[in-house]
Engineer: 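One structure, as structure tokens, below. Some questions next.
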Amino acid sequence: MSVNALPQFDRELDLSNTGRGVWLVKVPKYIANKWDKAPGEIEVGKLKISRVPGQKAQVQLSLSEAVLCLKDPGEQSIPKEHRLNVSNVTRQSLGVFSHAGPSNTDSVVPEAEKLYMEGRIVQKLECRPYADPTYYKLKSESIRKASMPQRQVQQLERIVQTFKPVSDHKHNIEYQEKKKAEGKKARDDKEAVLNVLFAAFEKHQYYNIKDLQKITKQPIVYLKEILKEVCNYNLKNPHKNMWELKPEYRHYKQEVPVETKESKNSSDSE
């Protein structure tokens, strides 16, 4: 059997920017949502870095007015000024990579996919807002929305047939009627039930439980108790899942053998 090998494509990795250090910045979700909405040609913010000898650099982020204006009607304003807490990367080796797909996809000879290492992460920064009235208002609104129940009761002014609940399902009604019918079946005397069973087995040798229940008109649990005393339950074919009388309770009429008839005729002739 021949197996077709998958096509192999060369991928070149450009390491020219390996020595460049980059920052890994974590920003709040509300800033990330604003930046996702921002078109690519506008300025999203500015960084201000203050260096003091012997101390960590102080980094501040100031969002642009163009980003702050990107909000839906009724949406809360977000803080403009943020500070970035700086921490060094010590026990990890992290990098930023990018890739460029082939420019001509219709070419017969596929072009190699190009990979670029954009730099090595040297610092992690976590963006945090200042505790100002705008932030408090934004936080209280997010807490209020989170505490709202997902399902609410709504009063309907008119009947909506599409979503009108069913008073009772069909299978529930059938089940209740069946239970009531079984409950009304009174248990007859055991001897009377046995007489009905013996009379039925004189007509046929095998019965299933449903037919016996119709014949005796007894609750199925009570009927099985009596059947276990006088009948055997077949587990094998050709009469699988059917009941028959135990040998000691069988009284089937047997035909007189042919030999006996002939011998009787001969004796009469003599």
Side-chain angles (χ1 to χ4, degrees), residues 23-48 59-87 94 96 98 101 124-187 208-211 213-214 216-225 241:
W23 290 356
L24 177 63
V25 183
K26 180 181 179 181
V27 299
K29 187 176 181 179
Y30 59 83
I31 293 182
N33 292 337
K34 294 290 185 183
W35 286 352
D36 287 339
K37 296 178 182 178
E41 66 274 5
I42 70 169
E43 179 185 284
V44 296
K46 292 183 179 180
L47 285 178
K48 181 180 179 181
V59 184
Q60 292 182 342
L61 171 64
S62 180
L63 297 178
S64 65
E65 293 294 334
V67 169
L68 296 176
C69 293
L70 295 172
K71 62 179 182 179
D72 299 326
E75 187 178 355
Q76 294 291 327
S77 300
I78 65 174
K80 180 178 181 179
E81 302 294 336
H82 297 76
R83 68 179 185 277
L84 281 81
N85 297 336
V86 183
S87 61
L94 303 176
V96 178
S98 64
K124 292 182 179 180
L125 293 90
E126 186 173 0
C127 182
R128 292 182 176 274
Y130 291 102
D132 58 1
T134 304
Y135 173 71
Y136 286 134
K137 190 175 182 180
L138 177 67
K139 195 66 177 177
S140 62
E141 181 65 18
S142 63
I143 294 174
R144 185 189 67 82
K145 289 183 179 180
S147 61
M148 291 179 61
Q150 296 183 355
R151 297 182 179 181
Q152 296 181 353
V153 178
Q154 183 178 359
Q155 184 177 358
L156 300 178
E157 298 179 355
R158 57 185 180 87
I159 298 176
V160 181
Q161 297 293 340
T162 306
F163 302 102
K164 187 177 180 180
V166 181
S167 58
D168 201 355
H169 293 279
K170 182 180 179 181
H171 63 273
N172 290 337
I173 297 174
E174 293 176 352
Y175 176 76
Q176 294 297 332
E177 291 178 352
K178 182 179 179 181
K179 294 295 291 183
K180 289 180 181 179
E182 290 182 356
K184 292 180 181 178
K185 292 179 180 177
R187 294 189 176 188
N208 57 38
I209 189 65
K210 291 183 179 180
D211 292 337
Q213 188 181 15
K214 291 180 181 179
T216 60
K217 299 179 181 179
Q218 297 299 303
I220 190 168
V221 177
Y222 178 57
L223 179 60
K224 284 185 176 180
E225 292 178 359
N241 301 332

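Remember, predicted model here, so these are calculated numbers, not experimental data.
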Engineer: Run Asn85 and Lys124 through side-chain contact (heavy atoms from CB on, under 4.5 Å) and show every step you take.
Structural biologist: CA-CA 8 Å; Asn85 297 336; Lys124 292 182 179 180; over 6 Å; no

Engineer: With distance as the sole test, does Glu225 use its side chain to make a donor-acceptor pair with the main-chain N or O of Leu223 at under 3.5 Å?
Structural biologist: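 Answer holds: no.
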
Engineer: Compare every heavy atom of Pro79 with every heavy atom of Leu68, then report the nearest pair and how far apart it is.
Structural biologist: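 So the minimum-distance heavy-atom pair works out to CD2-O, 4.2 Å.
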
Engineer: For the atom pair CG (Leu24) and CG (Leu94), what is the distance rounded to the nearest 0.5 Å?
Structural biologist: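 Result: 7.0 Å between the selected atoms.
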
Engineer: Testing the basics here: between Cys127 and Leu61, what is the closest heavy-atom pair and its distance to 0.1 Å?
Structural biologist: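 Closest heavy-atom pair between Cys127 and Leu61: SG-CD2, 4.0 Å.
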
Engineer: What do you reckon, is OH of Tyr130 surrounded by more than 12 foreign heavy atoms closer than 6.0 Å?
Structural biologist: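 Yes.
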
Engineer: Quick one: salt bridge (charged side-chain N to carboxylate O under 4.0 Å, His left out) partners of Glu126, sequence neighbours excluded?
Structural biologist: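 By the salt bridge (charged side-chain N to carboxylate O under 4.0 Å, His left out) rule, Glu126 matches Arg128.
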
Engineer: For Thr134 and Ser77, which heavy atoms make the closest approach, and how far apart are they?
Structural biologist: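 Minimum heavy-atom contact is CG2-O, 3.7 Å.
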
Engineer: State, without any angle test, whether Lys80 and Ser62 hold a side-chain donor-acceptor pair at a distance under 3.5 Å.
Structural biologist: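 The answer is no; no qualifying pair exists.
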
Engineer: Do you see a donor-acceptor pair shorter than 3.5 Å between the side chains of Gln213 and Tyr222?
Structural biologist: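 The criterion, which ignores hydrogens and geometry beyond distance, is not satisfied for Tyr222 and Gln213.
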
Engineer: Using the rule given for side-chain contact (heavy atoms from CB on, under 4.5 Å), can you reason through Lys46 versus Gln60, listing the C-alpha separation, both sets of side-chain angles and the distance that settles it, and then say yes or no?
Structural biologist: CA-CA 8 Å; Lys46 292 183 179 180; Gln60 292 182 342; over 6 Å; no

Engineer: Only pairs under 3.5 Å count here: list side-chain donor-acceptor contacts from residues 29-45, not counting sequence neighbours, and write none if there are none.
Structural biologist:
| unit_1 | atom_1 | unit_2 | atom_2 | d |
| --- | --- | --- | --- | --- |
| Tyr30 | OH | His82 | NE2 | 3.0 |
| Asn33 | ND2 | Lys29 | O | 3.3 |
| Lys34 | NZ | Leu70 | O | 2.4 |

Engineer: Between Leu125 and Val59, is a side-chain contact (heavy atoms from CB on, under 4.5 Å) present by the stated rule, with each step listed?
Structural biologist: CA-CA 9 Å; Leu125 293 90; Val59 184; 4.3 Å; yes

Engineer: Any chance you could measure Lys224, atom NZ, to Gln218, atom CD, to the nearest 0.5 Å?
Structural biologist: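 One finds 15.0 Å between NZ of Lys224 and CD of Gln218.
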
Engineer: Atom NZ of Lys139 and atom CZ of Arg144: how far apart are they, to the nearest 0.5 Å?
Structural biologist: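 Separation between the atoms: 14.5 Å.
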
